[in-house]
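Letters A, B, ... are given to chains in the order of the sequence lines, protein chains preceding strands, and every chain is numbered from 1. These numbers were taken from a predicted model, which means no experiment stands behind them.
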Number of protein chains: 2
Amino acid sequence: MKFCSECAHPVSLTVPAGDNRPRYVCTHCATIHYQNPKMVLGSIPVWERDGQTQVLLCRRAIEPRYGYWTLPAGFMENNETTAQAALRETEEEAGANVELGPLFTLLNVARVHQVHMFYLATLRDLDFAPGEESLEVKMFAETDIPWDDLAFPTVRTTLELFFADRARMRAGGSHGFYTQDVDRPMRSDV
Amino acid sequence: MKFCSECAHPVSLTVPAGDNRPRYVCTHCATIHYQNPKMVLGSIPVWERDGQTQVLLCRRAIEPRYGYWTLPAGFMENNETTAQAALRETEEEAGANVELGPLFTLLNVARVHQVHMFYLATLRDLDFAPGEESLEVKMFAETDIPWDDLAFPTVRTTLELFFADRARMRAGGSHGFYTQDVDRPMRSDV
Ligand SMILES: [Zn+2]
Ligand SMILES: [Zn+2]
């Protein structure tokens with residue numbers, strides 16, 4: 001940030017009165033330009049038949065991490081809820097028709113100023129198709145997940161927690177909700 | 001937003017190529033200025049003695065909602081996690097020394113582009129004191145909560161859920177995690 005978005009004068013990085021950390025402050029109109037973390041919302045679209053659990057993944061058609069596999073996810077927009085954002089991204093990236101379940105993971109990626117959240121979701125059918133941001137969309141059983149070609153550590157963490165949770169559920173438990181800090185390199189922002 | 005924060009030229013509200021909603025786009029350097037929801041993080045500081053549960057509330061010394069009661073909470077900053085933000089706000093607003101528990105509520109307030117989250121917290125002692133943004137800090141049993149003088153609907157929702165959850169726990173349950181959309185008027189931003 002170099003200029004004030006309200007009056008176009010230069011901003012300077014200073015600690016405002018009564019504050020305790022540097023902010024971009026306009027030298028002309030005194031507007032304080034706060035910068036805050038962003039939320040990335042996605043889903044874990046699940047298909048269960050004959051005792052087998054499959055999860056939908058998208059292969060990215062955009063940078064960062066072009067060509068790598070991800071759960072459908074993206075930045076939350078103004079005027080929507082976390083659940084609406086997860087549904088929208090699932091529709092946009094995978095053309096998938098899901099029923100959203102409970103929130104499953106909330107993962108802090110403090111270094112890149114992001115919080116990633118994934119909702120459980122049940123696919124209503126297998127009538128999906130890649131959106132503009134995906135090269136392909138495919139179903140994977142646990143043993144087929146391309147662990148070495150996943151786009152982001154939060155996708156890996158969520159998938160690991162998901163399959164562990166499924167095993168726990170088969171033993172009679174109920175779904176968990178997991179918060180975790182993710183420190184592994186992101187390679188770049190979502 | 002009127003001017004580009006990168007080059008100081010005017011921005012215009014247009015739908016960028018490949019996008020599907022209006023953004024502030026710089027007419028000179030083509031930077032797209034995305035706007036995203038913000039997270040408000042807080043805690044429910046709990047003190048339990050002789051079978052009585054008390055919760056710490058702060059009376060706001062700042063607008064909006066000057067003079068009204070709130071759980072300690074505020075905007076999450078870059079370079080911190082949701083838990084660190086909740087701890088920081090609890091320390092800043094109430095001078096309270098707490099041990100943070102699990103995330104308890106995640107409340108969407110889509111109309112004002114905010115997501116509010118509250119962590120359960122256990123007070124280590126009663127050695128608290130109002131920070132700069134609080135007029136006073138006080139402990140309340142459920143029957144004493146100033147329900148008509150709470151600052152924000154998300155504080156009310158979180159307190160209602162908390163005391164209901166406590167009752168459920170006394171009956172042998174374990175702590176819940178609640179996500180909810182809050183549509184009641186906010187009167188103004190946090
Ligand atoms: Zn200015
Ligand atoms: Zn520009």
Side-chain angles (χ1 to χ4, degrees), chain A residues 1-11 18-21 23-24 26 33-41 62 75-85 88 92 100 102-104 106-115 117 119 131-133 174-183, chain B residues 1-11 18-21 23-24 26 29 33-41 62 75-85 88 92 100 102-104 106-115 117 119 132-133 174-183:
Chain A
M1 173 170 296
K2 299 180 190 120
F3 302 97
C4 176
S5 54
E6 293 306 309
C7 79
H9 278 69
V11 292
D19 203 339
N20 53 21
R21 61 186 74 203
R23 314 280 183 188
Y24 289 106
C26 179
H33 299 278
Y34 294 97
Q35 298 188 303
N36 301 90
K38 289 183 170 57
M39 285 170 275
V40 171
L41 266 292
I62 51 169
F75 286 110
M76 183 175 168
E77 304 274 3
N78 281 350
N79 296 311
E80 67 183 1
T81 65
T82 47
Q84 287 166 345
R88 179 181 49 73
E92 283 179 8
L100 221 61
L103 186 58
F104 182 68
L106 183 146
L107 305 169
N108 277 280
V109 198
R111 198 161 26 79
V112 293
H113 318 318
Q114 292 176 5
V115 176
M117 301 181 215
Y119 280 82
E132 284 187 12
E133 299 185 0
S174 60
H175 264 304
F177 165 67
Y178 303 91
T179 62
Q180 201 168 300
D181 301 339
V182 174
D183 296 323
Chain B
M1 173 170 297
K2 300 183 190 113
F3 301 97
C4 176
S5 54
E6 293 305 307
C7 79
H9 278 71
V11 293
D19 203 339
N20 52 21
R21 61 186 74 201
R23 313 280 183 189
Y24 288 106
C26 177
C29 76
H33 299 278
Y34 295 98
Q35 298 188 303
N36 301 91
K38 291 183 168 59
M39 285 169 276
V40 170
L41 266 293
I62 52 169
F75 286 110
M76 182 175 170
E77 302 274 5
N78 281 350
N79 296 310
E80 66 183 4
T81 64
T82 47
Q84 288 166 345
R88 179 181 51 73
E92 284 179 7
L100 220 62
L103 186 59
F104 183 67
L106 183 146
L107 305 170
N108 277 279
V109 198
R111 198 164 22 80
V112 293
H113 318 320
Q114 293 176 3
V115 176
M117 302 182 216
Y119 280 84
E132 284 187 12
E133 300 185 358
S174 60
H175 263 306
F177 165 68
Y178 304 90
T179 63
Q180 201 167 300
D181 301 339
V182 174
D183 297 322

Which distance, rounded to the nearest 0.5 Å, do you find between the CZ of B:Phe3 and the CZ of A:Phe3?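 Reported value, rounded in 0.5 Å steps: 12.0 Å.
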
Highest number of heavy-atom pairs under 4.5 Å with chain B: which of A:Gly18, A:Cys4, A:Pro10, A:Cys7?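 Most heavy-atom pairs under 4.5 Å with chain B: A:Cys7.
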
Determine the option with the most heavy-atom pairs under 4.5 angstrom with chain B, choosing from A:Glu133, A:Gln84, A:Glu80, A:His33.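 Result: the option with the highest number of such pairs is A:Glu80.
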
Identify which part of [X] has an atom lying under 4.5 Å from any heavy atom of chain B, answering side chain, backbone, both or neither.
X	value
A:Thr82	both
A:Glu6	both
A:Glu92	side chain
A:Asp181	side chain

So which atom in A:Ala110 and which in B:Thr81 form the shortest heavy-atom distance, rounded to 0.1 Å? CB-CG2, 4.1 Å

For A:Ser5, what residues pass the side-chain hydrogen bond (donor to acceptor under 3.5 Å, both in side chains) criterion, not counting sequence neighbours? none

Sequence neighbours left out, what passes side-chain hydrogen bond (donor to acceptor under 3.5 Å, both in side chains) with A:Glu77? Give chain and number order. B:Arg23

Given 3.5 Å as the limit, does a donor-acceptor pair link the side chain of A:Asn36 with the main chain of B:Met76, or not?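 At least one qualifying donor-acceptor pair exists.
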
Side chains of B:Val115 and A:Val115: does their closest heavy-atom pair fall under 4.5 Å? no

A:His113 versus B:Asn79: any side-chain heavy-atom pair under 4.5 Å? yes

Option that, when pairs with chain A are counted at under 4.5 Å, heavy atom only, ranks first among B:Thr179, B:Asn108, B:Asn20: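 When all of B:Thr179, B:Asn108, B:Asn20 are compared, B:Asn108 has the most.
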
